Amino acid sequence: MTDRPHSGVDRALLLTFDDRHVREWAAVAPLFTSYGARVTFFICEPDRLDRDEVRLLRRLADDGHTIGCHGLRHERAPEFVAAHGAAAYLDREVVPALDALRRLGFPARSFAYPCSARDEDTDRLLLTLFDRLRGGVPVARRADPRLADELHVPAGDVPGRRVLPGCSVDSGRGSVAYGDDLSGVEEALRRSTGHGGVTTLYAHCVADAHEANHVTPARLEKLLATADGMSLPCVGFDELP
């Protein structure tokens with residue numbers, strides 16, 4: 001399996017998970033360990049974590065995974081700012097979530113936009129609080145081999161790139177399946193392997209079926225095995241230079 005990379009990541013898969021599916025994530029923690037993978041969990045509604053979820057999240061952090069922020073109530077940033085103003089967005093949606101995570105012992109240095117909704121104004125606003133932000137591309141793009149042109153961030157750009165694009169690898173939501181064609185994602189991974197740099201992916205719950213967005217354990221293992229076969233380390237946001 002892939003060894004833990006040295007500090008100063010020059011190529012990597014950044015695999016991330018959103019929302020508050022802590023029990024499901026903890027259940028697949030042995031899978032991450034078996035591939036030497038460290039991932040990032042972007043938490044929303046941190047004030048609603050129960051005692052067991054906090055315990056499991058701390059265990060994930062102790063295993064080397066990154067804990068980031070995903071907002072207090074999963075609000076779309078540009079829409080909230082347009083309706084209520086930038087100050088209200090920080091005061092009601094971002095700072096309370098960040099404070100809650102830090103009270104639990106998680107520095108939460110990175111933020112993932114709910115629904116990947118962002119613009120340059122919200123980027124400038126949030127970069128006053130976070131080291132890095134994660135946006136996203138339309139899910140349909142993941143079947144397009146040209147996705148690598150947008151998703152792959154060259155190694156030389158990583159230290160200064162504070163907003164990283166991500167692509168969903170979810171399998172479905174409820175009874176809706178999202179399809180199995182991940183050729184664009186695979187091309188981005190090959191690009192990062194061959195030329196250096198990072199590729200960012202995201203999912204939500206990990207389950208064979210779930211009412212929320214989810215990736216199946218089988219697809220998750222296939223992704224980890226693909227990266228491992230390419231000798232592409234899987235690291236957390238906090239490990240980036």
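Predicted, not measured: the structure shown is a model, and the values here were computed from it. Start at 1 with the first residue, then count along the sequence.
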Next item on the list: Please name all residues satisfying salt bridge (Lys or Arg N to Asp or Glu O under 4.0 Å) with Arg132, sequence neighbours left out, ordered by chain then number.
Entry: none
Item checked: Lys/Arg-Asp/Glu bridge criterion (N-O < 4.0 Å) met for Asp99, Arg102 -> no
Margin query: Once side chain to side chain contact (heavy atoms under 4.5 Å, CB included) is applied, do any residues pair with Pro159, and if so which ones, sequence neighbours excluded?
Written below: Pro241
Next item on the list: Starting from the C-alpha separation in whole Å, work towards a yes-or-no answer on salt bridge (Lys or Arg N to Asp or Glu O under 4.0 Å) for Arg59 and Asp62.
Entry: CA-CA 5 Å; Arg59 181 179 296 173; Asp62 288 343; over 6 Å; no
Note to self: Going by salt bridge (charged side-chain N to carboxylate O under 4.0 Å, His left out), name the pairs with one or both residues in residues 78-98, residues two or more places apart or in two chains.
What the structure shows: none
Checklist line | Parallel, tilted or perpendicular: ring planes of His65 versus Phe32, cut at 30 and 60 degrees | finding: perpendicular
Next item on the list: Sequence neighbours left out, what passes salt bridge (Lys or Arg N to Asp or Glu O under 4.0 Å) with Arg51? Give chain and number order.
Entry: none
Check: Would a hydrophobic clustering, with Ile, Leu, Val, Met, Phe, Trp and Tyr connected at side-chain separations under 4.5 Å, put Leu104 with Val95?
Finding: no
Notebook entry, point to check: At what distance, to the nearest 0.5 angstrom, does CE of Met230 lie from OG of Ser192?
Noted result: 9.5 Å
Next item on the list: May I ask you to test the Pro114-Glu75 pair for a side-chain heavy-atom distance under 4.5 Å?
Entry: no
Notebook entry, point to check: What do you reckon, are the aromatic ring centroids of His204 and His210 less than 6.0 Å apart?
Noted result: no
Check: Hey, mind stepping through Arg76 and Tyr113 against side-chain contact (heavy atoms from CB on, under 4.5 Å) and telling me if it holds?
Finding: CA-CA 7 Å; Arg76 294 172 180 256; Tyr113 280 105; over 6 Å; no
Checklist line | Rounded distance [0.5 Å steps], CD in Glu120 versus CG in Leu127 | finding: 11.5 Å
Margin query: Rounded to the nearest 0.5 Å, what separates atom CZ in Arg55 from atom CG in Asp50?
Written below: 9.5 Å
Check: Pro217: what forms a side chain to side chain contact (heavy atoms under 4.5 Å, CB included) with it, not counting sequence neighbours?
Finding: Val206, Asp208
Next item on the list: Report the C-alpha separation of Asp119 and Thr122 in whole Å, then their side-chain angles, then the decisive distance to 0.1 Å, and conclude whether the side-chain contact (heavy atoms from CB on, under 4.5 Å) test is met.
Entry: CA-CA 5 Å; Asp119 58 32; Thr122 61; 3.4 Å; yes
Notebook entry, point to check: With a 4.5 Å heavy-atom cut-off, do Ile67 and Arg58 have their side chains touching?
Noted result: no
Check: Are Asp47 and Arg73 within salt-bridge range, i.e. N to O under 4.0 Å?
Finding: yes
Checklist line | Check: Leu129 and Leu90 side chains under 4.5 Å, non-hydrogen atoms | finding: yes
Notebook entry, point to check: Which residues satisfy the salt bridge (Lys or Arg N to Asp or Glu O under 4.0 Å) test with Asp121, sequence neighbours excluded?
Noted result: Arg124
Notebook entry, point to check: So do Cys234 and Tyr35 actually touch side chain to side chain, heavy atoms under 4.5 Å?
Noted result: no
Notebook entry, point to check: Between Val81 and Leu98, is there a shared hydrophobic cluster once you connect ILVMFWY residues whose side-chain heavy atoms come closer than 4.5 Å?
Noted result: yes
Next item on the list: Flag the pair Arg118 / Leu133 as yes when at least one side-chain heavy-atom distance between them is below 4.5 Å, and no otherwise.
Entry: no
Notebook entry, point to check: Is the shortest distance from a Lys or Arg side-chain nitrogen in Arg162 or Asp123 to a carboxylate oxygen in the other one below 4.0 Å?
Noted result: no
Note to self: His70: which residues meet the ring pair (Phe, Tyr, Trp, His ring centres under 6.0 Å) condition with it, sequence neighbours left out?
What the structure shows: His74
Next item on the list: Might you work through the side-chain contact (heavy atoms from CB on, under 4.5 Å) test for Leu60 and Trp25, ending with a clear yes or no?
Entry: CA-CA 9 Å; Leu60 289 168; Trp25 298 333; 4.3 Å; yes
Next item on the list: Evaluate the criterion side-chain hydrogen bond (donor to acceptor under 3.5 Å, both in side chains) for residue pair Arg134 and Thr200; output intermediate values, then yes/no.
Entry: CA-CA 8 Å; Arg134 195 208 70 208; Thr200 304; over 6 Å; no
Note to self: Would you say Leu151 ends up clustered with Leu232 if hydrophobic residues are merged whenever their side chains have heavy atoms under 4.5 Å apart, either directly or through other cluster members?
What the structure shows: yes
Notebook entry, point to check: Is the backbone N or O of Ala207 less than 3.5 Å from a side-chain atom of Thr216, with the two atoms forming a donor-acceptor pair by type?
Noted result: no
Checklist line | Qualifying residues under salt bridge (Lys or Arg N to Asp or Glu O under 4.0 Å), relative to Arg20, sequence neighbours excluded | finding: Glu45, Glu53
Note to self: Using 0.5 Å steps for rounding, measure from the NE2 atom of His214 to the CG atom of Leu220.
What the structure shows: 12.5 Å
Note to self: Between Thr66 and Ser110, is there a side-chain heavy-atom distance shorter than 4.5 Å?
What the structure shows: no
Margin query: Checking Phe106 against Ile43 for the side-chain contact (heavy atoms from CB on, under 4.5 Å) test, could you report, in this order, the C-alpha distance in whole Å, the side-chain angles of both residues, the deciding distance, and whether it holds?
Written below: CA-CA 11 Å; Phe106 306 119; Ile43 307 298; over 6 Å; no
Next item on the list: Give, for atom SG of Cys44 and atom CG of Leu101, the distance between the pair rounded to the nearest 0.5 Å.
Entry: 10.0 Å
Check: Quick one: side chain to side chain contact (heavy atoms under 4.5 Å, CB included) partners of Ala203, sequence neighbours excluded?
Finding: Phe17, Val169, Asp170, Val215
Margin query: Just verifying a value: how many Å separate Arg11 CZ and Arg191 CZ, rounded to the nearest 0.5 Å?
Written below: 16.0 Å
Next item on the list: For Arg109, enumerate each residue passing the side chain to side chain contact (heavy atoms under 4.5 Å, CB included) test, keeping only those at least two apart in sequence or located in another chain.
Entry: Pro107, Asp131, Asp238
Item checked: Carboxylate-amine/guanidinium proximity below 4.0 Å for Lys222 and Asp180 -> no
Notebook entry, point to check: Do Val137 and Leu13 belong to the same hydrophobic cluster, where Ile, Leu, Val, Met, Phe, Trp and Tyr are linked whenever their side-chain heavy atoms lie under 4.5 Å apart, directly or via other members?
Noted result: yes
Item checked: Pairs flagged by ring-ring contact (aromatic ring centres under 6.0 Å, His included) wherever residues 143-192 is involved - sequence neighbours left out -> none
Item checked: ring pair (Phe, Tyr, Trp, His ring centres under 6.0 Å) partners of Phe80, counting only residues at least two apart -> His84, Tyr89
Note to self: With a 3.5 Å distance limit and no angle check, can you tell me whether Asp19 reaches the backbone of His21 through a side-chain donor-acceptor pair?
What the structure shows: no
Check: Taking side chain as C-beta onward, heavy atoms only, is Leu15 less than 4.5 Å from Thr40?
Finding: no
Check: Would you say Arg141 and Glu150 make side-chain contact, with heavy atoms under 4.5 Å?
Finding: yes
Next item on the list: Please answer: with hydrophobic residues joined when any side-chain heavy atoms are less than 4.5 Å apart, are Phe41 and Leu224 in the same cluster?
Entry: yes
